[in-house]
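Some notes on the structure that comes next.
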Amino acid sequence: MPAEIIKQAIAEVDNLRRRPKTLSPSTLDTSANTPGSTSTVANRTADVPLAVRTGRQNPLKYAIPAYESFETDGTGDTQNFGLSHSITDCPYTENIVVWFDDQYQGTPSTVNKGGDWFEVSGPGSVVTVHAFYISDEPATFRIRKSMPSSSTTSSEVLYDASLGLVQQTDLIEQPEWVEANASALQRFVAADMDLSVEVDAPYQVRFESSNGDAEATNALLSVPIQQGADSLDSLKAGVKADMGER
């Protein structure tokens, strides 16, 4: 029975009209993580079938910054803020960006990567300093497809890598990509299924501050996909059955 369900789904996706698109933070529902445990930080519940584009010719790009906030003393003097986690060089985005409340400041005037601290000259009033920075501490990045509210048996990891290592790598010279070639349906996500990004990191991850004042402008998340033009009645059952085969 599962074999017939899978066969029918494959026949339908072979005739599915698709167009290339890219998932980014603006097209995903983003959220903060729970440091020290696997957390979904970006999610898309498909309203039409999706397929992750695979292979070296379809590179993934991502940088997921750590987040911390501080408070200036209001004197307007230069202040030094120590980070709780390491800061490292990232070849394809800013290592650190800061905001004063809702005012973007860009990269701080002084950043000490060896000592994990940065320096800014605050205004003559107390403001919150929002810092988004790239860390090389051990962390995991995954892309997963799943049935909503499902158990782990109804989900599958399509990509898994060391976040700390990838964020130090030149992704033009050494690209990352999704394989997902174990079966004809492995890369497909049916309508009403979730395609999510998970992070397991020791630090706080945020795409924006909790009050929405500041945005992680150095965050990068680009997942190449194909978006189907039509709904397929058999695909959800086919994808579920296909996941059960592995």
Side-chain angles (χ1 to χ4, degrees), residues 18-28 30 33 35-36 38-44 50-67 83 85-97 106-108 111-116 118 131-145 155-184 186-189 195-207 215-227 246:
R18 312 169 208 163
R19 56 181 177 136
K21 295 194 73 174
T22 301
L23 294 181
S24 64
S26 63
T27 60
L28 295 161
T30 59
N33 71 325
T38 300
S39 306
T40 297
V41 297
N43 185 74
R44 169 79 172 268
L50 306 176
V52 178
R53 286 186 275 154
T54 60
R56 187 185 182 95
Q57 71 277 18
N58 295 300
L60 287 171
K61 297 177 183 177
Y62 58 89
I64 311 295
Y67 168 80
L83 298 165
H85 301 275
S86 66
I87 180 171
T88 191
D89 282 319
C90 183
Y92 48 94
T93 192
E94 294 90 347
N95 301 335
I96 180 171
V97 296
T107 300
V111 180
N112 186 306
K113 292 186 288 293
D116 301 325
F118 66 95
F132 300 92
Y133 60 98
I134 304 298
S135 178
D136 62 357
E137 292 194 15
T140 302
F141 176 98
R142 296 187 184 96
I143 298 175
R144 181 187 297 275
K145 68 176 185 181
S155 72
E156 183 174 10
V157 174
L158 301 181
Y159 173 85
D160 189 333
S162 168
L163 182 60
L165 290 177
V166 170
Q167 292 182 151
Q168 300 176 75
T169 302
D170 186 334
L171 292 182
I172 295 177
E173 294 184 359
Q174 301 178 60
E176 293 286 315
W177 63 87
V178 174
E179 291 283 357
N181 55 9
S183 71
Q186 188 180 20
R187 68 191 190 96
F188 280 88
V189 178
L195 184 64
S196 57
V197 170
E198 298 175 345
V199 168
D200 186 350
Y203 45 78
Q204 178 76 84
V205 166
R206 285 188 176 275
F207 288 88
E215 178 186 355
T217 56
N218 57 341
L220 179 63
L221 181 56
S222 177
V223 181
I225 65 164
Q226 292 174 324
Q227 181 169 296
R246 284 185 291 282

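- The main-chain N or O of Gln227 is never found under 3.5 Å from a side-chain atom of Arg18 such that the two would form a donor-acceptor pair.
- Asp89 pairs by the side-chain contact (heavy atoms from CB on, under 4.5 Å) definition with Asn95, Lys113, not counting sequence neighbours.
- The shortest side-chain heavy-atom distance between Asn218 and Thr107 does not fall under the 4.5 Å cut-off.
- Side-chain contact check for Pro65 versus Ile134: some heavy-atom pair is nearer than 4.5 Å.
- Closest non-hydrogen pair, Lys145 versus Arg187, comes out as NZ-N, 4.4 Å.
- Between Glu198 and Thr38, the shortest heavy-atom contact is OE1-CG2, 3.6 Å.
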Report the C-alpha distance between Gln204 and Asn33 in whole Å, list the side-chain angles of each, state the deciding distance to 0.1 Å, and finish with yes or no for side chain to side chain contact (heavy atoms under 4.5 Å, CB included).
-> CA-CA 6 Å; Gln204 178 76 84; Asn33 71 325; 2.9 Å; yes
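- Under a 3.5 Å cut-off, the side chain of Asp116 and the backbone N or O of Ile87 do form a donor-acceptor pair.
- Side-chain N/O atoms of Ser135 and Ser86 include a donor and acceptor closer than 3.5 Å.
- If you take CG on Asn112 and CZ on Phe118, they are separated by 12.5 Å, rounding to the nearest 0.5 Å.
- When every heavy atom of Thr54 is checked against every heavy atom of Glu179, the shortest pair comes out as CG2-O, 3.2 Å.
- Closest non-hydrogen pair, Ala66 versus Tyr203, comes out as CB-CD1, 3.4 Å.
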Are Val52 and Asn58 close enough, and set up right, to give a side chain to side chain contact (heavy atoms under 4.5 Å, CB included), and what steps lead you there?
-> CA-CA 9 Å; Val52 178; Asn58 295 300; over 6 Å; no
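- Of the inter-residue distances, the one linking Ser183 atom OG with Glu156 atom CD reads 7.0 Å to the nearest 0.5 angstrom.
- Looking at residues two or more places apart in sequence or on another chain, you find a ring pair (Phe, Tyr, Trp, His ring centres under 6.0 Å) between Phe132 and Tyr67.
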From CA spacing to verdict: side chain to side chain contact (heavy atoms under 4.5 Å, CB included), Leu163, Tyr62 | CA-CA 9 Å; Leu163 182 60; Tyr62 58 89; 3.7 Å; yes
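- Taking all atoms of both residues into account, the shortest heavy-atom contact from Ile64 to Leu220 is CD1-O, 4.0 Å.
- Asp200 CG to Phe141 CZ: the interatomic distance, rounded to the nearest 0.5 Å, is 13.0 Å.
- Screening Val223, Thr22, Val178 against Arg53 for a side-chain contact (heavy atoms from CB on, under 4.5 Å) leaves a single residue, Thr22.
- Counting all heavy atoms, side chain and backbone alike, Leu171 lies closest to Lys61 at CD1-CA, 4.1 Å.
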Would Lys21 and Thr27 satisfy side chain to side chain contact (heavy atoms under 4.5 Å, CB included), going step by step from the backbone distance to the final call?
-> CA-CA 11 Å; Lys21 295 194 73 174; Thr27 60; over 6 Å; no
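- Atoms OG and CG, from Ser26 and Leu221 in turn, are 10.0 Å apart once rounded to the nearest 0.5 Å.
- Atoms CG and CG, on Leu23 and Leu28 in that order, are 5.0 Å from each other to the nearest 0.5 Å.
- Counting only residues at least two apart or in different chains, side-chain hydrogen bond (donor to acceptor under 3.5 Å, both in side chains) contacts with residues 166-176 comprise Tyr159-Glu176.
- When side chains are defined from C-beta on, Glu137 does not count as touching Thr88, because their heavy atoms never get closer than 4.5 Å.
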